[in-house]
Amino acid sequence: MSAEKTPTLSRGRSDLLCGLGVLVGGSLLLVSALGIDTTLGTKAGIGPGTVPVALATLLMAGGAALLFTGIRAARASHTGTQTFSQAASDVEALLKEAEPPVPLKKLLVMVLLFVGYAVAFIPLGYVLSTAVFLGIVVTVIDPAKWKRNVLFALGFSAIVYLGFTQLLGVPLPVGVLGLPVGG
């Protein structure tokens with residue numbers, strides 16, 4: 001006898017809300033990316049806006065997939081044939097259901113760290129700001145493994161910096177370290 005696991009309402013609610021948020025965020029990013037100057041592109045149509053448009057499209061697709069997953073979770077909670085109004089009431093029930101609260105202090109710390117990273121990115125440079133940001137974020141998530149966290153933050157920052165500046169020839173902000181930029 002096998003018991004099938006059906007999605008819980010709280011999971012469906014998370015999927016609905018996150019899917020909607022990612023879909024809206026991707027849409028805003030797409031509108032912004034479409035405003036990028038395309039005169040610098042190649043004749044093949046590849047230019048500075050190509051990657052942002054592709055990423056925005058992928059974000060929108062992922063958000064839509066999450067949204068539909070949440071709707072399917074609402075439908076799975078009932079058996080038999082469902083009308084559109086029943087599905088709509090299921091979605092409303094998902095949105096009203098209480099989930100375990102997000103630790104507000106941790107959420108606030110993450111938001112403040114992200115804002116600090118955005119502010120420090122240009123003056124401190126990519127490597128230093130990213131290493132500090134990642135080091136603190138992963139330590140907030142898992143404080144017991146601080147050595148691994150520091151190695152990850154430094155390694156990730158260095159590898160991405162070298163990949164962009166040396167392999168791709170894309171300059172990144174050097175900031176106070178004055179690191180060489182590939183090209």
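Numbering starts at 1 and runs along the sequence shown.
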**OP:** Might you point out which heavy atoms bring Ser129 and Ala120 nearest each other, and give the distance in Å?
**Re:** CB-O, 3.9 Å
Original post:
How many angstroms lie between CZ in Phe152 and OG1 in Thr139, if you round to the nearest 0.5 Å?
Top reply: 10.5 Å
Original post:
Is it true that Leu23 and Val53 fall in one hydrophobic cluster, defined by side-chain heavy atoms closer than 4.5 Å?
Top reply: yes
Original post:
If we only count heavy atoms from C-beta on, is the Asp142 to Val138 side-chain gap below 4.5 Å?
Top reply: no
Original post:
Should Leu167 and Leu162 count as side-chain neighbours, where that means a heavy-atom distance under 4.5 Å?
Top reply: no
Original post:
Under a single-linkage definition using a 4.5 Å side-chain heavy-atom cutoff for Ile, Leu, Val, Met, Phe, Trp and Tyr, are Phe156 and Phe133 assigned to the same hydrophobic cluster?
Top reply: yes
Original post:
Between Ser32 (side chain) and Leu28 (backbone), is there a donor-acceptor pair under 3.5 Å?
Top reply: no
Original post:
Are Val176 and Ile122 in one and the same hydrophobic cluster, where Ile, Leu, Val, Met, Phe, Trp and Tyr link if side-chain heavy atoms are under 4.5 Å apart?
Top reply: yes
Subject >> Joint cluster assignment, Leu66 & Leu29, ILVMFWY side-chain distance < 4.5 Å >> reply: no
Original post:
According to the side-chain hydrogen bond (donor to acceptor under 3.5 Å, both in side chains) rule, which pairs have a member within residues 115-126, sequence neighbours left out?
Top reply: Tyr117-Thr130
Original post:
Quick one: which of Leu112, Val111, Leu113 gives a side-chain contact (heavy atoms from CB on, under 4.5 Å) with Val109?
Top reply: Leu113
**OP:** Take Met110 and Ile141, measure what side-chain contact (heavy atoms from CB on, under 4.5 Å) needs, and give me the verdict at the end.
**Re:** CA-CA 10 Å; Met110 292 294 186; Ile141 294 169; 3.6 Å; yes
Original post:
Does Phe121 share a hydrophobic cluster with Val174, counting links as ILVMFWY side-chain heavy atoms below 4.5 Å and allowing steps through other members?
Top reply: yes
**OP:** Might you point out which heavy atoms bring Ala153 and Ala131 nearest each other, and give the distance in Å?
**Re:** CB-O, 3.3 Å
